[in-house]
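Ligands are counted one by one from 1 in listed order, and the atoms in each one are counted from 1 as well.
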Amino acid sequence: MQFAGSHILSVQQFQRDDVERIFAVADDMRPYAQRRRITRVLEGAILGSMFFEPSTRTRVSFGSAFNLLGGEVRETTGFESTAIAKGESLYDTARVLSGYSDVIAMRHPAEGSVGEFAVASRVPVINGGDGSNEHPSQALLDLYTINSEIAGRGGSIDKLRIAMVGDLRHGRTVHSLCKLLCLFPNVQVVLVSPLELRMPGEIVEDMRKSGLQVMESDVLEASIAHVDIVYSTRIQEERFSSQEEADLYRGRFRLNQSIYTSHCEPNTVIMHPLPRDSRDNARELDDDLNDNPNLAIFRQADNGVLVRMALFALILDVAEQVDRHARDVSWYTAGRF
Ligand code: CP
């Protein structure tokens, strides 16, 4: 694809060589993300960060990624802090904000809303999550993490065996990851969920058409026995009509150290897009896994900065110029990834 000037709305706009290009640029970003080098390649550029739903990782790592490239961030959070609360349309908001920004990262609770916004925007828009639909930058950082974790264990994405567990109906991260995996036809996927929260049928159909082996199950233990990656997800309570309805499913599939030791192969990597739900009635990924070296969740979150820096560098067409605007850092830097 042509990255320069493009919106990033869905993983379905990528071919395999696009993904490889993003990962190569993400690798190049490591000295900057680790604060060993500073670059000012985006000095003067402005990221408009518009998050109409709660976010810790996506919002802050998009902002950090832009700052690390030398750019500035202007941010709105929630509807109440914008004129949308006074009835302004997404169209008008996009027209106005794209006059103040060079690129926009946006999250919105309605499916398709970020695409609608992008149509009116005069600058590239990156989808930071639109309802249950997609979260493309998360899928990219997930696949980047899968690649780096299993490469160290002699594996490759082409031979990947992965179990995705939890609320697969509403989880936009697993929707995007499954669509992205369609570029890798030998992958084996086990989809583990309550029957009511299964992966949407059209996504499963597309995976099978692409050649992937897909199994569906509502039993955790047997499903995680022969996989390289267990990718756990939270019950997406914000997509249910009531907390009581979400409570029916919360805590249904819990991975803890004891279950991991009894059922997983020794080097199985544990991933989760986060946030994990650490309340007593949920705990889909127990805190007792925190010392397990195969728990990759925080490496995964760190990788979000690398992948988002790569997206900005490619979309704003400066990937080849980053090093020319660089110097060493002069302050104390704590060890980072
Ligand atoms: N993974 C993810 O989207 O996290 P946030 O909701 O904190 O952005």
Could you tell me whether the side chains of [X] and [Y] share a donor-acceptor contact shorter than 3.5 Å?
X: Asn127; Y: Arg172; answer: no
X: Asp167; Y: Tyr249; answer: no
X: Ser121; Y: His7; answer: no
X: His272; Y: Arg234; answer: no

Exercise. Would you say the side chain of Leu68 lies within less than 4.5 Å of the side chain of Arg35, judging by non-hydrogen atoms?
Worked result: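 Side chain of Arg35 against side chain of Leu68, heavy atoms only: contact under 4.5 Å found.
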
Exercise. Within less than 4.0 angstrom of ligand 1, does His135 place any heavy atom?
Worked result: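 Distance cut 4.0 Å: His135 passes for ligand 1.
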
Exercise. If you look at every heavy atom in Ala313 and Val25, which pair is closest and at what distance?
Worked result: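 The answer is CB-CG1, 4.3 Å.
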
For [X], take its heavy atoms, then give the atoms of ligand 1 lying under 4.0 Å from any of them.
X: Pro273; answer: 1 (N)
X: Thr56; answer: 5 (P), 7 (O), 8 (O)
X: Thr58; answer: 2 (C), 3 (O), 4 (O), 5 (P), 8 (O)

Problem set entry | Among Ser55, Gly304, Gly128, closest by any non-hydrogen atom to atom 5 (P) of ligand 1 |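 Residue with the shortest heavy-atom distance to the ligand atom: Ser55.
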
Exercise. Which protein heavy atom lies closest to atom 4 (O) of ligand 1, and at what distance to 0.1 Å?
Worked result: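 Among all protein heavy atoms, the one nearest atom 4 (O) of ligand 1 is Arg57 NE, 3.1 Å.
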
Exercise. Identify the closest protein heavy atom to atom 6 (O) of ligand 1: which residue and atom is it, and at what distance?
Worked result: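 Answer for atom 6 (O) of ligand 1: Arg107 NH1, 2.9 Å.
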
Exercise. So which bit of Thr173 gets within less than 4.0 Å of ligand 1, heavy atoms only: side chain, backbone, both or neither?
Worked result: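 Neither part.
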
